[in-house]
Amino acid sequence: MLLTLLLVSSLLRDNLKPVAPEPGAPVIGKHRPSWCKGKSDKYGPDALPLATISDSWADREEAMVQMLCGDPDEPVFQEQVGHYFQRWANYTGQNAAQLDEYFAAASDREKWDKAHEAACQKVAVGEESPEREQTLGIMRKAVVGCGYEAQVNTPYHLSFNLMQTLKNELWHFDRDAAVPSQLAAIYRVLACVGSSDEKDLSQVAKFAGCRADVAQLDEKKLVAEIAAEGLNEYARLVALQSMGVAKRRAAPLEAALQAKAKDADMREVLIDAPARAWKEWEAAYAANKAAIDAARAFEDKFHGTRKSATKGCLTSAYAGFDAFMKAHTGSTPEAVMDQATSPAGALLLEHVRSCNEAEGRKELAAALGDLVRWGYPRRGPRFLAHVEMVSALSKILADRTKFPLEGAMVSTQFDAPVEIGMKNMIWSPEKGGTVAKVTKKGDKVHVDFKTEKWMEDEVFCEQTNRIAMFERDGTPIYHRNCKATGRRVEKSSTSEPFWMWSQMADGIKPGTFVRYRTGANYVDMVFEGLPIEVWADKKAKKLVAVLGMLAK
């Protein structure tokens with residue numbers, strides 16, 4: 001008997017497949033599985049060494065937990081179990097006790113599957129739920145292995161080919177500085193750091209954009225969240241392991257980022273720019289909290305299940321936006337529009353735009369959507385971080401033409417369920433004239449013009465080589481530079497009358513000079529118009545208002 005044991009031990013020793021601890025991972029050592037009552041009836045001790053180094057090492061199906069019980073009391077076999085656990089520790093960051101708890105639960109297949117099904121039912125999102133809830137729900141479901149069809153049994157951190165159908169993922173995640181949930185944050189980080197290859201500069205740059213979310217991963221908060229939602233032990237074990245994987249992937253990228261940051265320009269793009277963006281956004285939110293919170297509350301209604309919930313929104317929407325613009329205006333059309341599309345202004349502007357859409361003011365809503373597009377992408381601190389990274393990079397590329405960072409590395413998918421700024425909209429008034437009469441008719445204002453002649457500066461616009469933004473594929477979008485040619489051009493006409501919604505009429509009175517354009521909405525014998533610029537008189541020296549927003 002002893003000879004037999006020695007022969008088995010020798011055979012196992014000869015076939016031992018060691019796995020070395022990786023930097024930062026717990027060191028496992030010899031381990032005896034807690035769930036094994038005796039030798040496996042299905043797998044002998046020689047099965048585990050090959051499983052330790054196979055491509056299916058992460059498989060925790062019934063076969064794997066049985067293999068780990070091939071000869072649980074044999075010392076060399078326990079070494080092999082330790083090496084198998086070490087591979088998991090290298091990947092997940094979990095120690096021997098945590099891994100043993102995970103495998104012990106998975107060893108009772110029937111119980112495990114029932115717990116998995118119960119967890120999936122608990123995190124399910126209703127079919128009528130708003131898009132934001134659907135998207136965040138898919139993120140949370142994927143973390144605990146509740147995806148679609150054949151993917152249903154595979155948690156995100158163990159599925160190397162998992163594809164999820166998400167709508168406007170970052171838009172919905174980036175509403176606040178704080179992550180919407182720990183489960184969603186795990187998904188966000190896993191998607192962001194799909195690779196931990198610190199030699200891949202594009203991956204290091206991508207990590208820089210979600211680094212702030214890695215810092216918000218919190219095991220205690222995750223456990224409390226799971227308990228508060230009534231999720232079971234299966235969800236707790238899988239979620240904790242998922243968080244461990246997210247942190248393990250991020251660690252080498254953080255080290256690589258710090259190494260790259262020894263170059264001042266790299267540090268500016270990858271560390272300083274996103275940090276500035278977060279501070280700027282948090283300050284903007286703090287200064288406009290009530291108005292932004294009201295805009296968010298309306299957003300939930302606007303994207304909700306009942307259209308009737310959005311009615312009567314105009315007073316609140318314009319109150320917040322008008323108050324902001326009174327404190328953040330400008331003396332040129334560009335300065336006024338810059339403020340309207342600033343990190344806080346754009347959130348309040350979207351409140352106004354979507355409210356007008358909800359109230360049936362389609363043409364005005366479309367025009368306000370164009371105004372949003374005039375600015376940069378805006379949402380929360382994550383959007384702003386990427387915009388700041390692009391801005392910083394564009395300045396550096398103008399001087400360091402061989403700088404290794406490229407636009408596509410620091411940009412992101414600025415997808416949204418509404419119009420999103422891309423700095424690619426040119427406002428071009430089609431008509432202009434001196435106001436003769438202003439007549440209010442209910443919630444509409446009608447404008448009639450004088451017949452006159454006036455002089456305008458001739459303006460020539462050309463594209464510069466200064467990068468303003470990048471398309472999703474990295475193609476640059478360049479700033480345009482418009483300059484007066486020095487020539488004065490005579491214009492003469494009797495401008496056609498137009499009507500507008502009363503909220504757009506600020507600053508318009510007899511004698512003012514209005515540059516505007518008209519649409520197709522024909523009411524009371526005139527077309528709806530959009531007052532793009534309002535000047536004190538036809539000399540166009542003193543700006544009064546832009547798109548219904550008062551100037552200084």
Side-chain angles (χ1 to χ4, degrees), residues 58 60-62 101-102 105-106 108-176 178-192 194 213 216-246 296-297 299-307 309 415-417:
R60 57 109 190 100
E61 300 292 337
E62 185 175 7
E101 183 183 25
Y102 174 82
D108 187 335
R109 183 65 188 183
E110 183 178 355
K111 184 178 179 181
W112 179 264
D113 286 345
K114 286 182 178 178
H116 171 232
E117 183 180 350
C120 291
Q121 291 177 353
K122 199 74 175 178
V123 296
V125 180
E127 293 181 359
E128 274 196 311
S129 298
E131 184 182 300
R132 183 168 191 262
E133 289 183 27
Q134 293 278 358
T135 298
L136 294 177
I138 291 172
M139 297 169 79
R140 298 170 73 254
K141 287 163 59 180
V143 170
V144 293
C146 305
Y148 299 105
E149 299 174 356
Q151 302 165 351
V152 70
N153 291 319
T154 311
Y156 191 19
H157 71 289
L158 296 178
S159 181
F160 302 102
N161 297 308
L162 181 62
M163 298 295 292
Q164 293 288 343
T165 304
L166 293 172
K167 292 183 179 179
N168 310 305
E169 173 186 340
L170 186 58
W171 172 267
H172 292 306
F173 189 87
D174 187 33
R175 193 158 82 166
D176 299 289
V179 298
S181 77
Q182 287 293 312
L183 285 174
I186 292 169
Y187 182 96
R188 153 81 174 155
V189 173
L190 288 174
C192 178
D213 291 319
Q216 292 194 60
L217 294 179
D218 188 306
E219 187 173 301
K220 289 183 179 179
K221 289 182 179 179
L222 175 62
V223 172
E225 178 182 309
I226 288 171
E229 295 184 17
L231 295 176
N232 57 25
E233 190 70 356
Y234 163 88
R236 183 185 71 84
L237 292 172
V238 172
L240 285 172
Q241 191 174 95
S242 299
M243 181 175 283
V245 172
R296 288 172 175 166
E299 178 182 292
D300 290 337
K301 294 178 182 178
F302 183 75
H303 295 290
T305 57
R306 296 184 181 276
K307 291 183 178 180
D415 298 329

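Put simply, the side chain of D415 never gets that close to the backbone of N168: no donor and acceptor are under 3.5 Å apart. Between the side chain of S242 and the main chain of V238, a donor-acceptor pair closer than 3.5 Å is present. Formation of a donor-acceptor pair under 3.5 Å by the N232 side chain with backbone atoms of A115 is found in this model. Distance alone, capped at 3.5 Å, places no donor-acceptor pair between the Q182 side chain and the A224 backbone. One N or O on the side chain of Y234 and one on the backbone of V144 form a donor-acceptor pair closer than 3.5 Å.
Scanning for salt bridge (Lys or Arg N to Asp or Glu O under 4.0 Å) contacts around K114 gives E110, with sequence neighbours left out.
Between A309 and K301 the shortest heavy-atom distance is O-CD, 3.4 Å. Between S129 and Q134, the shortest heavy-atom contact is O-CG, 3.5 Å. For K141 against A124, the heavy-atom pair with the smallest separation is CD-CA, 4.5 Å. Heavy-atom minimum distance, V143 versus A239: CG1-CA, 4.4 Å. Taking every heavy atom of both residues into account, G304 and P130 meet most closely at CA-CG, 3.9 Å. Summarising the geometry of S159 relative to T154, their closest heavy-atom pair is CB-CG2, 3.1 Å, with the distance given to 0.1 Å.
Side-chain contact check for R175 versus E299: some heavy-atom pair is nearer than 4.5 Å. Residues I186 and L217 meet the side-chain proximity criterion, which asks for heavy atoms closer than 4.5 Å. The side-chain heavy atoms of Q241 and L158, taken from C-beta on, include a pair separated by under 4.5 Å. Two residues are said to be in side-chain contact when any heavy atoms from C-beta on lie closer than 4.5 Å; V125 and L136 fail this criterion.
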Evaluate side-chain contact (heavy atoms from CB on, under 4.5 Å) for F173 paired with D213, printing each intermediate quantity in order. CA-CA 11 Å; F173 189 87; D213 291 319; 3.8 Å; yes
Begin with the C-alpha distance, continue with both residues' side-chain angles, and end with the deciding distance and a verdict on side-chain contact (heavy atoms from CB on, under 4.5 Å) for L190 and H157. CA-CA 7 Å; L190 288 174; H157 71 289; 4.1 Å; yes
R188 and L170: CA distance, side-chain angles, deciding distance, side-chain contact (heavy atoms from CB on, under 4.5 Å) verdict: CA-CA 8 Å; R188 153 81 174 155; L170 186 58; 3.5 Å; yes
Show the numbers, then the answer: is there a side-chain contact (heavy atoms from CB on, under 4.5 Å) between M139 and L183? CA-CA 7 Å; M139 297 169 79; L183 285 174; over 6 Å; no
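Between R296 and D300 there is no salt bridge, since no side-chain N of the basic residue sits under 4.0 Å from a carboxylate O of the acidic one.
Note that CG of L231 is 12.0 Å distant from CD of Q121, once rounded to the nearest 0.5 Å. One finds the CD atom of E219 at 7.0 Å from the CE atom of M243 (value rounded to the nearest 0.5 Å).
Pairs engaging residues 116-137 under the salt bridge (Lys or Arg N to Asp or Glu O under 4.0 Å) rule: none recorded [sequence neighbours left out]. Listed by first and then second residue, the salt bridge (Lys or Arg N to Asp or Glu O under 4.0 Å) pairs involving residues 221-235 are R140-E229, E233-R236 (not counting sequence neighbours).
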